[in-house]
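See below for the structure under consideration.
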Amino acid sequence: MNLRKLAAAVVLALGGAMLAATPAHAANIAVNPGFENGLTGWTCTQSSGAEAITSPVHAGTRALQATPAGSDTARCGQTVAVKPSSAYTLSAWVRGGYVFLGATGTGGTDPSTWTSSPSAYTRLSTSFTTGPSTTSVTIHVNGWYGQGAYQADDVVLDGAPGQGQPPATPTGLTGTGNATAASLSWAASPGATGYTVYRNGAKAGTTTGTTFSESPGTGTHAYQVSAVNAAGESARSATVSVTVGTDQPQPPPVPSGLAATVSGGTVSLRWNASTGATGYAVYRGGTRIGTPTATSHTDTPGAGTHVYRVAAVNAAGESARSGEVSATVTGTQPGGLPKRVMVGYLHASFANGSGYIRMADVPGEWDVINLSFGEPTSVTSGDIRFTRCPVAECPNVESEAEFIAGIRAKQALGKKVLISIGGQNGQVQLATTAARDAFVRSVSAIIDTYGLDGLDIDFEGHSLYLDAGDTNLSAPTTPVIVNLISALRTLKARYGSRFVLTMAPETFFVQLGHQFYGPGPNGSADRRAASYLPVIHALRADLTLLHVQDYNSGPIVGLDGQYHTMGTHDFHVAMTDMLLAGFPIAGNPNNVFPALRQEQVAIGLPAAAFAGNGFTTVAEVQKAFDCLAKGTNCGSYRPRGVYPNLRGLMSWSINWDRYNAFEFSRSHRAYLDALG
């Protein structure tokens with residue numbers, strides 16, 4: 001570890017302790033201090049793998065666990081409203097690797113304290129006094145570079161509460177009814193300590209979780225929910241109607257207005273909504289080919305004349321099928337991508353300080369648009385949901401119909417629109433065949449609903465790992481690996497040759513395999529190390545693009561035996577060379593990850609300095625591409641070959657690129673086009 005940084009941290013901790021005043025001994029004003037409600041109220045860094053665990057805990061049923069990775073110290077924090085010129089004491093129970101506890105934004109000397117690798121829970125404590133104009137501080141706990149996982153529990157910020165803000169309005173409210181009861185669920189609101197449920201405008205109950213059930217009597221009831229904390233209550237959510245105790249429901253009426261249009265090898269179907277339908281079943285020649293929830297579906301059936309019908313579905317069953325519509329495909333086009341591609345991630349389900357971009361406004365420089373993100377209902381469910389950005393967070397968000405129309409317009413221009421699964425917060429572990437099958441069903445539903453061109457796998461954190469003894473690259477045995485491979489093969493077979501499959505792993509999960517593969521022979525290494533390799537290897541025949549994230553990475557050893565650090569052209573050359581030349585796994589020359597095809601590989605980059613660690617200037621990126629594709633303009637690292645068909649660039653993200661005046665997309669689009 002960096003002893004200079006550690007020494008500075010110790011000095012800061014001591015300084016903070018000497019300057020702090022006597023605490024006010026008020027109630028704990030931290031939100032979810034014992035992590036009993038998961039990570040509600042806490043924000044953790046991207047690659048920390050932070051989660052609420054059930055063992056070991058200090059008290060209660062849960063505690064925080066996070067793991068430093070590369071340059072990420074696995075920090076988790078929350079912003080708390082405080083009073084100016086007031087004394088506070090901050091404490092927490094911690095164990096595991098090196099653990100730091102502190103606060104920033106205090107308006108005075110920001111305190112920090114730490115302990116080194118306690119095997120049992122140990123109490124850390126520090127204190128501070130807020131400045132005369134300070135109304136909020138950020139408290140945090142984190143590990144240290146190169147150290148193992150840490151645990152934290154029972155965080156206490158003892159002092160006078162500030163004015164604060166009520167939590168955000170809950171989103172995603174859904175409800176179901178049966179003969180006697182109504183059941184509700186919704187998405188958690190950051191900072192909420194509880195929720196109030198309203199039925200037909202009147203308070204029906206409260207809960208600290210995100211579900212609620214009651215027996216309100218026969219009839220149709222209108223429900224809303226609000227979020228509550230010490231500062232007050234949010235506005236009420238959108239209304240959902242739940243019917244309880246009525247007669248057996250009937251299937252919805254037959255859909256009307258079925259129409260088909262053909263573009264290249266793709267048939268786009270549209271129809272009118274059917275009252276009471278929760279979804280639809282699309283048939284080609286008598287065979288069900290899709291189950292969208294929206295009133296559209298796309299199909300790539302191959303050359304010939306095809307007959308389609310559609311039925312409406314709800315809990316009571318399926319309607320009769322609609323009238324037929326025919327579509328003639330004269331021949332499937334090579335609906336692939338151009339020789340040089342630009343791949344960008346679009347914040348479709350959140351704003352994230354960069355602002356929301358409507359689908360229709362995505363610039364034309366991007367060839368592949370990855371909708372971010374589809375996330376699971378729980379880590380192990382396999383049930384993936386895609387929720388578009390709510391109006392409260394994205395005031396300029398378009399309607400669902402406009403969003404789908406925007407996708408169609410991009411596709412008409414030859415662009416590919418994919419659903420990206422995972423991301424920083426979307427941990428997906430397909431540990432069972434049931435989770436695998438749920439993954440296939442739910443991802444298919446998203447693709448069918450929006451008529452998408454394919455799928456991007458952006459599994460991070462603890463989604464993938466290798467069990468002890470799982471060392472055969474070609475025959476993995478770890479369930480989360482085996483089931484993901486099976487699920488992706490099923491999706492590829494279902495949608496055919498035009499299905500676009502991409503992956504965006506971090507270097508930790510790919511190139512680190514040159515040094516480490518899973519837990520290693522003695523079980524001491526991180527079992528997530530290089531865990532993407534068997535997935536990439538199994539899918540290499542079907543993989544359209546691999547764009548490893550050359551950012552948020554620690555130093556990685558290249559084929560030259562030297563460590564390379566992100567943010568420089570040499571890093572991108574070394575990391576890409578490993579993919580295109582192949583490399584021995586864990587240094588074993590008899591166990592090699594074979595080279596990928598040049599057209600399968602793109603370089604992954606942050607669009608701007610504030611989009612991620614490891615930003616590389618336009619000039620340095622193009623210098624790296626010159627070295628790889630033309631063998632010129634190389635730095636100290638010399639690649640094993642020249643790769644003239646290197647496919648292009650990926651960026652996080654389209655939104656951050658716009659925020660940075662389109663520097664990434666416009667500069668690199670012009671450069672790639674000039675390469676030919």
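Bear in mind the structure is a predicted one, so any value in this text is a computation, not a measurement. One is the number of the first residue; the rest follow in order along the sequence.
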Pair H572, D550: side-chain N/O donor-acceptor within cut-off below 3.5 Å: yes
N/O donor-acceptor pair under 3.5 Å between T73 side chain and N142 backbone: no
Ignoring hydrogens and geometry beyond distance, is a side-chain donor-acceptor pair present between T126 and T113 at under 3.5 Å? no
Do other residues, nucleotides or ligands put more than 12 heavy atoms under 6.0 Å from Y659 OH? no
Determine the minimum heavy-atom distance between Y195 and S189, stating which atoms define it. OH-N, 3.0 Å
Taking side chain as C-beta onward, heavy atoms only, is R358 less than 4.5 Å from L346? no
For T616 and H569, which I'm curious about, is there any donor-acceptor pair between the side chains at under 3.5 Å? no
Go through the steps for T135 and V82 under the test side-chain contact (heavy atoms from CB on, under 4.5 Å), then give the verdict. CA-CA 5 Å; T135 57; V82 295; 5.6 Å; no
Which atom pair, heavy atoms only, marks the closest approach of G426 to P376? CA-CD, 3.9 Å
Find the distance between CD (Q147) and CZ (F100) and round it off to the nearest 0.5 Å. 9.0 Å
Stepwise side-chain hydrogen bond (donor to acceptor under 3.5 Å, both in side chains) test for S553 and T507: CA-CA 6 Å; S553 170; T507 57; 2.6 Å; yes
Any idea which heavy atoms bring Y150 and A74 closest together, and the distance? OH-O, 2.6 Å
Please step through side-chain contact (heavy atoms from CB on, under 4.5 Å) for the pair F386 and F373, ending with a clear verdict. CA-CA 7 Å; F386 172 60; F373 288 104; over 6 Å; no
Heavy-atom side-chain contact between W42 and N32 under 4.5 Å: yes
Quickly, which of N552, N613, T67, D72 forms a side chain to side chain donor-acceptor pair (under 3.5 Å) with S47? Name it, please. D72
Do N522 and S524 have side-chain atoms, one donor and one acceptor, less than 3.5 Å apart? yes
Can you check whether L184 reaches V240 side chain to side chain, under 4.5 Å on heavy atoms? yes
Might you point out which heavy atoms bring W186 and T171 nearest each other, and give the distance in Å? CB-O, 3.7 Å
Do N28 side-chain atoms and V155 backbone N/O form a donor-acceptor pair below 3.5 Å? yes
For E460 and Q549, does a side-chain donor sit closer than 3.5 Å to a side-chain acceptor? yes
How many angstroms lie between CD1 in I654 and CG in N370, if you round to the nearest 0.5 Å? 8.0 Å
In terms of side-chain heavy atoms, does E214 have a donor or acceptor partner in Y223 at a distance below 3.5 Å? yes
In terms of ring plane angle, is the pair W656 and H347 parallel, tilted or perpendicular, where the classes change at 30° and 60°? perpendicular
Side-chain (D657) to main-chain (S665) donor-acceptor, under 3.5 angstrom: yes
Could you check whether R528 makes a cation-pi contact with Y465, meaning its NZ or CZ is under 6.0 Å from the centre of the six-membered ring and within 45° of the ring axis? no
Would you mind reporting whether H140 and T104 have side-chain heavy atoms less than 4.5 Å apart? yes
How about T43 and Q78: does a side-chain donor come under 3.5 Å of a side-chain acceptor? no
May I ask you to decide if R199's main-chain N or O and Q224's side chain share a donor-acceptor pair within less than 3.5 Å? no
Quick one: does I384's side chain get under 4.5 Å of F439's, heavy atoms only? yes
Could you tell me whether the side chain of T129 reaches within less than 4.5 Å of the side chain of Y88, counting heavy atoms only? no
Determine yes or no for a side-chain-to-main-chain donor-acceptor pair under 3.5 angstrom, with Q511 supplying the side chain and E506 the backbone. no
Is the NZ or CZ atom of R388 positioned over F403's six-membered ring, under 6.0 angstrom from the centre and within 45° of the axis? yes
Please report the C-alpha distance between S183 and S213 in whole Å, then the side-chain angles of each, then the deciding distance to 0.1 Å, and finally whether the side-chain hydrogen bond (donor to acceptor under 3.5 Å, both in side chains) criterion is met. CA-CA 4 Å; S183 298; S213 295; 3.2 Å; yes
F459/M503 under side-chain contact (heavy atoms from CB on, under 4.5 Å): CA gap, chis, key distance, verdict: CA-CA 8 Å; F459 285 11; M503 298 182 189; over 6 Å; no
Looking at every non-hydrogen atom in both residues, tell me the closest pair between A529 and L512 and how far apart they are. CB-CD2, 4.0 Å
Quick one: do T79 and V137 satisfy side-chain contact (heavy atoms from CB on, under 4.5 Å)? Show the steps, please. CA-CA 6 Å; T79 300; V137 299; over 6 Å; no
Using a distance-only test with no angle check, is there a side-chain donor-acceptor pair under 3.5 angstrom linking S226 and E233? yes
Enter the distance from N200:CG to T239:OG1 here, rounded to the nearest 0.5 Å. 9.5 Å
With no hydrogens and no angle check, do the side chains of T206 and T196 hold a donor and an acceptor under 3.5 Å apart? no
Evaluation steps, ring-ring contact (aromatic ring centres under 6.0 Å, His included), between Y551 and W652: CA-CA 10 Å; Y551 50 97; W652 177 262; 8.2 Å; no
Short question: side chain of R95, backbone of P56 - any donor-acceptor pair under 3.5 Å? no
Okay, side chain of E393, backbone of A351: is any donor-acceptor separation there less than 3.5 Å? yes
Side chain to side chain contact (heavy atoms under 4.5 Å, CB included) partner of L124, the single match among V141, L90, T115: T115
Go through the steps to decide whether D570 and H564 satisfy the test side-chain hydrogen bond (donor to acceptor under 3.5 Å, both in side chains), and finish with yes or no. CA-CA 7 Å; D570 266 0; H564 296 272; 5.0 Å; no
Do S349 and C389 have side chains that approach each other closer than 4.5 Å (heavy atoms only, starting at C-beta)? no
Between S420 and S372: side-chain donor-acceptor atoms closer than 3.5 Å: no
Can you find a side-chain donor-acceptor pair between S127 and T89 that sits under 3.5 Å? no
Minimum heavy-atom distance S653-A607, with the two atoms named: O-CB, 3.6 Å
Is any side-chain heavy atom of L605 less than 4.5 Å from a side-chain heavy atom of F615? no
Could you tell me whether the side chain of S354 and the main chain of N352 form a donor-acceptor pair under 3.5 Å? yes
Any donor-acceptor pair under 3.5 Å from D153 side chain to W93 backbone: no
Consider only side-chain N and O atoms of Q65 and Q151, and report whether a donor and an acceptor are under 3.5 Å apart. yes
Are there over 12 heavy-atom neighbours, none belonging to Y563, within less than 6.0 Å of that residue's OH? no
What's the spacing between C44 SG and L64 CG if we round to 0.5 Å? 5.5 Å
Check for a donor-acceptor pair, side chain of Q427 on one end and backbone N or O of H462 on the other, with a separation under 3.5 Å. yes
